[in-house]
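From a predicted model like this one, the values you see are computed outputs, not experimental measurements.
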Amino acid sequence: MLLETADAARFLENRQLTTGDERTATSETTALVLFARAGDPRAFEQLMISFQKQVLCTAARILRRQEDAKDAAQEVFLRLYRHLARIRPEAVRSWLYRVTVNVCRDMARRDRRFPSADLDADTLDRKLLRAGDSQVEGGIQLETQREILQCALQALPFKERTALVLRDIEGLSTEETARILQSSATTVRSQISSARVKIRHYCERALRRPK
Amino acid sequence: MKEHVEEGKIALLAGEDLEAGQMSAVAFHVSRCASCSAILESYRQRRQAMAACRDLGIRAGEFVEIRQSVLARLPARKPRLGSFPWFHIAPLQAGVLATLLLAAATIGTYAWKRAHELQPAGTAVQVNPIPEAAARPSVGAPAEFAAKPIPARKIARNPDRQTSRREPPAVIHAAPAPVLAAVDPQTQAHQPAVPDDVAMKLETSDPSVIIIWLASPKGAGR
């Protein structure tokens with residue numbers, strides 16, 4: 001424990017010497033992980049602050065309900081705490097993506113067994129209609145686009161949705177997405193291609209919808 | 001343009017996800033085909049829109065709520081066991097300690113077994129020598145020898161014997177069939193009994209196999 005704390009302190013000292021935002025962020029994460037391993041709750045909370053947006057937004061995109069996304073985020077951070085000793089500090093980001101996807105997959109399976117009433121096709125269509133209505137006045141607003149895209153994402157199968165979220169929304173590379181999804185780059189390309197085509201057709205249908 | 005490129009490939013081209021081999025061919029076609037070019041443009045716009053709405057507009061209060069919930073659910077740190085700081089050892093040290101304990105236990109067990117195997121001869125089970133007459137009974141052997149069978153186990157447990165299990169069966173028991181002494185009704189005196197048959201019992205290393213040899217003074221063994 002003492003050794004880890006000393007390592008963390010050394011990392012924080014060395015951080016002053018490093019240049020570049022990404023490098024600094026990595027060494028900060030490393031230091032936070034080492035402090036959190038040593039049992040510092042503030043370090044763990046700081047770690048959560050660093051990654052809360054990534055985890056919650058990814059979960060919210062993959063899952064359909066905001067409440068489920070919050071539950072998933074909590075579960076992800078609890079797993080992070082449990083496995084802190086085994087995670088390489090420089091790989092925390094991709095580890096969190098992978099665990100987020102896994103937790104969301106578990107929740108989606110549970111959802112399939114207990115389908116929610118507010119996720120049926122009528123609800124999606126109503127949302128789509130509302131989004132389509134708001135575009136009449138002065139072109140497509142960002143909020144409208146967001147709503148249409150969210151509806152289109154929800155209509156995708158889980159694997160395609162996850163691949164698209166990681167690649168197009170989170171901005172990861174195809175190879176990184178494949179690693180996180182524990183799949184091959186070719187499979188991910190195929191999923192992304194299919195998802196993009198479906199989303200395009202979905203959005204065009206929404207914008208052409210007669211009032 | 002005779003044929004259009006698959007829409008899926010244009011979708012991949014929009015995100016530069018196509019493999020290097022296909023990229024140039026698809027890009028070449030799209031640059032010369034107006035409809036494919038329009039499709040590519042729509043994909044690019046949609047991709048930009050998706051990247052722009054990365055932020056879901058989640059309120060800061062929701063993040064705080066999640067963090068507090070997680071911190072409340074964190075397992076409490078295990079209390080220290082007593083006042084022995086040496087008890088909290090690293091996994092590597094624990095492994096070394098366990099190995100040493102296991103080695104000590106193995107050596108101790110081996111030494112204990114060895115000590116019991118090399119006990120002094122006085123404590124070992126005494127083996128009765130087989131009387132020569134009993135071992136090789138003749139037809140006219142006296143009945144006293146035949147009345148003393150030697151237990152097989154006492155021979156088998158002799159620790160100094162270096163024998164294998166495949167040795168030829170040993171003569172364990174040589175007992176003549178019980179013969180009643182003949183009593184002369186006139187003199188009421190005991191006449192020396194003449195045995196009719198002699199039975200030899202041969203035990204092999206297999207306890208389930210016993211060879212019984214019957215020898216008659218009047219005829220050959222059978």
Among [options], which residue forms the greatest number of heavy-atom pairs with chain B at distances under 4.5 Å?
options	result
A/Gln52, A/Met48, A/Arg82, A/Lys53	A/Gln52
A/Ile49, A/Leu153, A/Ile192	A/Ile49
A/Glu75, A/Arg61, A/Glu170	A/Arg61

Counting N and O atoms only, with roles assigned by atom type, does the side chain of [X] sit under 3.5 Å from a partner on the main chain of [Y], one being a donor and the other an acceptor?
X	Y	result
A/Arg37	A/Leu84	yes
A/Ser190	A/Thr186	no
A/Gln54	A/Arg93	yes

Can you say whether [X] sits under 4.5 Å from chain B via the side chain, the backbone, both, or neither, judging by heavy atoms?
X	result
A/Leu164	side chain
A/Leu149	side chain
A/Arg167	both
A/Gln66	side chain

Worksheet item: Hey, what's the ring geometry for A/Trp95 with A/His83, parallel, tilted or perpendicular (30° and 60° as the breaks)?
Response: tilted

Practice prompt. Tell me whether the guanidinium CZ or amine NZ of A/Arg205 lies under 6.0 angstrom from the six-membered ring centre of A/Tyr202 and within 45° of its axis.
Written response: yes

Discussion item. Tell me whether the NZ or CZ atom of A/Arg200 lies within the 45° cone about the ring axis of B/Tyr43 and under 6.0 Å from its centre.
Written reply: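 Judged by the rule, A/Arg200 and B/Tyr43 form a cation-pi pair.
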
